Amino acid sequence: MIVRKLQAIRKSDQNVRTEQWESARLLLKDDDMGFSFHVTTMYAGEEIHMHYQNHLEAVLVLKGTGTIEDLGTGVTHRLASGVMYALNAHDKHVVRPETDILTACVFNPPVTGREVHDENGAYPAAADMAREPAPVS
């Protein structure tokens, strides 16, 4: 059994921050669960372009409002508490938080914990990642 406290993760190298978001990675690849689990806050006023080419992601909005645009179709969806979206086809997308958006996210395959978006908005493939402490900025 794995038991972790969000407050402790927030103070560790498993909490990754950028100018656009902060992600507490509670379960990682080394936990051998087959997925990783994150609590992520996307900051109000940002425009976050993402394209997870190596991962599938499901996201549940816990708090906050904004939009997500599917760049492949041009369709924009409202985000609010209780809305789930799944990037089941490596969908290129942009999230536009109107307020800070608190989410619970699951990634498959699991991340190692130190990933940040590359120039394409993707996380590198797991094979490209060496296990080392997560960057905190």
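The structure displayed is predicted, hence computed values, not measured ones.
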Common cluster, Ile2/Ile9, ILVMFWY with side-chain heavy-atom separation under 4.5 Å: yes
Within-4.5 Å side-chain heavy-atom neighbours: Thr41 and Pro97: no
The single option from Val106, Leu87, Val111 passing side chain to side chain contact (heavy atoms under 4.5 Å, CB included) against His55: Val111
Where Glu57 and Tyr52 come nearest, the two heavy atoms and their spacing: OE1-CE1, 3.1 Å
Validation row: Gln20, Val95 side chains within 4.5 angstrom (heavy atoms): no
Inter-residue atom distance Leu79.CG - Glu98.CD, 0.5 Å rounding: 8.5 Å
Shortest non-hydrogen contact from His51 toward His93: N-CE1, 4.5 Å
Working for side chain to side chain contact (heavy atoms under 4.5 Å, CB included), residues Arg4 and Leu27: CA-CA 9 Å; Arg4 297 198 172 118; Leu27 287 173; 3.7 Å; yes
Distance in Å, Glu69 CD paired with His77 NE2, rounded so as to fall on 0.5 Å steps: 9.5 Å
Side-chain heavy atoms of Arg78 within contact of Thr67, under 4.5 Å: yes
Interatomic spacing from CG in Leu26 to NZ in Lys5 - rounded to 0.5 Å: 13.0 Å
Any donor-acceptor pair under 3.5 Å from Asn15 side chain to Ser12 backbone: no
Path from Val83 to Val59 over hydrophobic side-chain contacts below 4.5 Å: yes
Taking every non-hydrogen atom, the tightest pair across Thr65 and Ala80: CG2-CB, 4.4 Å
Side chain to side chain contact (heavy atoms under 4.5 Å, CB included) between Thr103 and Trp21, worked out: CA-CA 11 Å; Thr103 65; Trp21 51 266; over 6 Å; no
Hydrophobic cluster membership, Met33 vs Leu6, 4.5 Å side-chain cutoff: yes
Euclidean distance, Ile48 CD1 relative to Arg96 CZ, rounded to 0.5 Å: 10.5 Å
Shared hydrophobic cluster for Val39 and Leu60 (ILVMFWY, side-chain gaps under 4.5 Å): yes
Transitive ILVMFWY side-chain link Tyr85 to Ile101, under 4.5 Å: yes
Taking every non-hydrogen atom, the tightest pair across Ser23 and Thr40: OG-OG1, 3.0 Å
Verdict with reasoning, Val16 to Arg25, per side chain to side chain contact (heavy atoms under 4.5 Å, CB included): CA-CA 8 Å; Val16 178; Arg25 281 91 187 265; 3.5 Å; yes
Gap between atom CG of Asp30 and atom CG of Asp32 - 0.5 Å precision: 7.0 Å
Test side chain to side chain contact (heavy atoms under 4.5 Å, CB included) applied to Tyr43 and Glu22, step by step: CA-CA 8 Å; Tyr43 301 133; Glu22 176 178 4; 3.1 Å; yes
Residue pair Phe35 / Pro110: nearest heavy atoms and the distance that separates them: C-CB, 3.3 Å
Taking every non-hydrogen atom, the tightest pair across Leu56 and Asn88: CD2-O, 3.6 Å
